[in-house]
Protein chains: 2
Amino acid sequence: MMEQIADILKKNQLSITEGRKKILNMFLNSPGALAHADIEKNTDASFDRVTVYRTLQTFVEKGIIHNIPTTDNSILYALCKDNCEAGHHHDNHVHFICDVCDKTICLENVIIPEVRLPKGFTQKQTDVVISGICNKCK
Amino acid sequence: MMEQIADILKKNQLSITEGRKKILNMFLNSPGALAHADIEKNTDASFDRVTVYRTLQTFVEKGIIHNIPTTDNSILYALCKDNCEAGHHHDNHVHFICDVCDKTICLENVIIPEVRLPKGFTQKQTDVVISGICNKCK
DNA sequence: TATTTTTTGCAACATTGGTGCAAAAATGTA
DNA sequence: TACATTTTTGCACCAATGTTGCAAAAAATA
Ligand SMILES: [Mn+2]
Ligand SMILES: [Mn+2]
Ligand SMILES: [Zn+2]
Ligand SMILES: [Zn+2]
């Protein structure tokens, strides 16, 4: 596991540091998406807030994690399981937010449907976020 | 126009105040979604920030406006054109964010496609946000 | 008009996120 | 390993965003 983490960092030309290892490890072990606050909570304040912010930014830029839209003014991050690269994400799966446990999970197998837009619109990225009750809560 | 505004407020059992009239008017005249900041900018600081926050909250609760998910930690609001009621929104249209002009618009005519979820998941609401280039920018 | 109810503005606070810069850690080389 | 170079981190400080309690003001009701 710790090997896999170092590999991911190396592959993305990132220095291997305690903070990055710990945060990447959290993502690898989390079934759902994580917010900045979740990460800070689980690191026992061993890292500065700023470091967490910068690590998340870096990971998004490198295509290690992607973010998920929400209506409640929070940013959620989840591991990219597709072959995302630096500066170019290829995540095309549906995201699910459970109203009960409040977890957000990537439904890797549920592919975003095609949507036909009116004339004149060019489509770059489509995000689908579905809320309801997850398979663990019911 | 000013009649229509008063009617909407009355129908929702809201007191008719300057602030509410002005903000509702902004939504009725805006082609796209509005953020809190847009509203503050356009009201010449004639209202307190807190009043704007509270007005937006109230409008969402009453089903006059709905909010739109974003990945950048901002909350966007747009008029409900379907028959949304207090505590129960029925908006089922696609939202489009233009990468050029940065405007977000409701594509009232583009209906959210059906998405089949894995066993065990119950679907309540589906949000589709598409980004790209809008019909005015290209 | 007078009374009651609702809304507003203010002050104060909390949370979230960003920047510059020096110290510390990681990397590359000998 | 030791040293030089590059990268990352922590700190202090700042800015934007959003919330709450409460008294004053405005709106609705009688
Ligand atoms: Mn995802
Ligand atoms: Mn809309
Ligand atoms: Zn759940
Ligand atoms: Zn545009």
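Letters A, B, ... are given to chains in the order of the sequence lines, protein chains preceding strands, and every chain is numbered from 1. This structure is a prediction, so every number in the text was calculated from the model and none was measured.
Between K41(B) atom NZ and dT17(D) atom P there is a gap of 10 Å when expressed in whole angstrom units. Separating the CG atom of L76(B) from the C1' atom of dT17(D) is a distance of 14 Å, rounded to the nearest angstrom. The CG-P distance, from L56(B) to dT8(C), rounds to 12 Å in whole Å. Taking atom NZ of K21(B) as the reference point, atom C1' of dT8(C) lies 15 Å away to the nearest angstrom. At whole-Å resolution of the value, NZ in K22(B) and P in dT8(C) are 13 Å apart. Atom CD of E18(B) is separated from atom C1' of dT6(C) by 16 Å (rounded to the nearest Å). Rounded to an integer number of Å, the gap from D48(B) CG to dT17(D) C1' is 14 Å. Rounded to a whole Å, the CZ atom of R20(B) is 9 Å from the P atom of dA28(D).
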Collect all protein-nucleotide pairs involving nucleotides 14-20 of chain C in which both atoms are nitrogen or oxygen and the distance is under 3.5 Å.
{"unit_1": "dG17(C)", "atom_1": "OP1", "unit_2": "N73(B)", "atom_2": "ND2", "d": "2.8"}
{"unit_1": "dG17(C)", "atom_1": "OP2", "unit_2": "Y53(A)", "atom_2": "OH", "d": "3.1"}
{"unit_1": "dG17(C)", "atom_1": "N7", "unit_2": "R49(A)", "atom_2": "NH1", "d": "3.3"}
{"unit_1": "dG17(C)", "atom_1": "N7", "unit_2": "R49(A)", "atom_2": "NH2", "d": "3.2"}
{"unit_1": "dG17(C)", "atom_1": "O6", "unit_2": "R49(A)", "atom_2": "NH2", "d": "3.4"}
{"unit_1": "dG18(C)", "atom_1": "OP2", "unit_2": "Q57(A)", "atom_2": "OE1", "d": "3.4"}

Could I get a table of every N or O pair under 3.5 Å where one atom is in the protein and the other is in nucleotides 27-30 of chain C?
{"unit_1": "dT27(C)", "atom_1": "OP1", "unit_2": "I16(A)", "atom_2": "N", "d": "2.8"}

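With axes fitted over five pairs at each extremity, the angle between the ends of the helix from dT1(C)-dA30(D) to dA30(C)-dT1(D) is 40° (10° resolution).
Contact of the C98(A) side chain with the K136(A) side chain is not registered, since no non-hydrogen atoms from C-beta on lie closer than 4.5 Å. Contact of the I16(A) side chain with the K10(A) side chain is registered, since non-hydrogen atoms from C-beta on lie closer than 4.5 Å. The side-chain heavy atoms of M26(A) and T43(A), taken from C-beta on, include a pair separated by under 4.5 Å. At a threshold of 4.5 Å between non-hydrogen side-chain atoms, the residues V100(B) and C134(B) do not count as touching. The closest side-chain heavy-atom distance from C137(A) to K103(A) is not below 4.5 Å. Annotation: side chain of S46(A) is not in contact with side chain of E18(A) (no heavy-atom distance under 4.5 Å). You'll find the side chain of L56(B) stays beyond 4.5 Å of the side chain of V60(B), heavy atoms only.
Residues satisfying the salt bridge (Lys or Arg N to Asp or Glu O under 4.0 Å) criterion with K138(A), sequence neighbours excluded, are absent altogether.
In terms of modelled atom types and a separation under 3.5 Å, the side chain of N12(B) and the main chain of L14(B) share no donor-acceptor contact.
Residue pairs meeting the ring pair (Phe, Tyr, Trp, His ring centres under 6.0 Å) criterion with at least one partner in residues 7-33 of chain B, sequence neighbours excluded, do not occur; the list is empty. Note on residues 99-138 of chain B: pairs passing ring pair (Phe, Tyr, Trp, His ring centres under 6.0 Å), not counting sequence neighbours, are F96(A)-F121(B).
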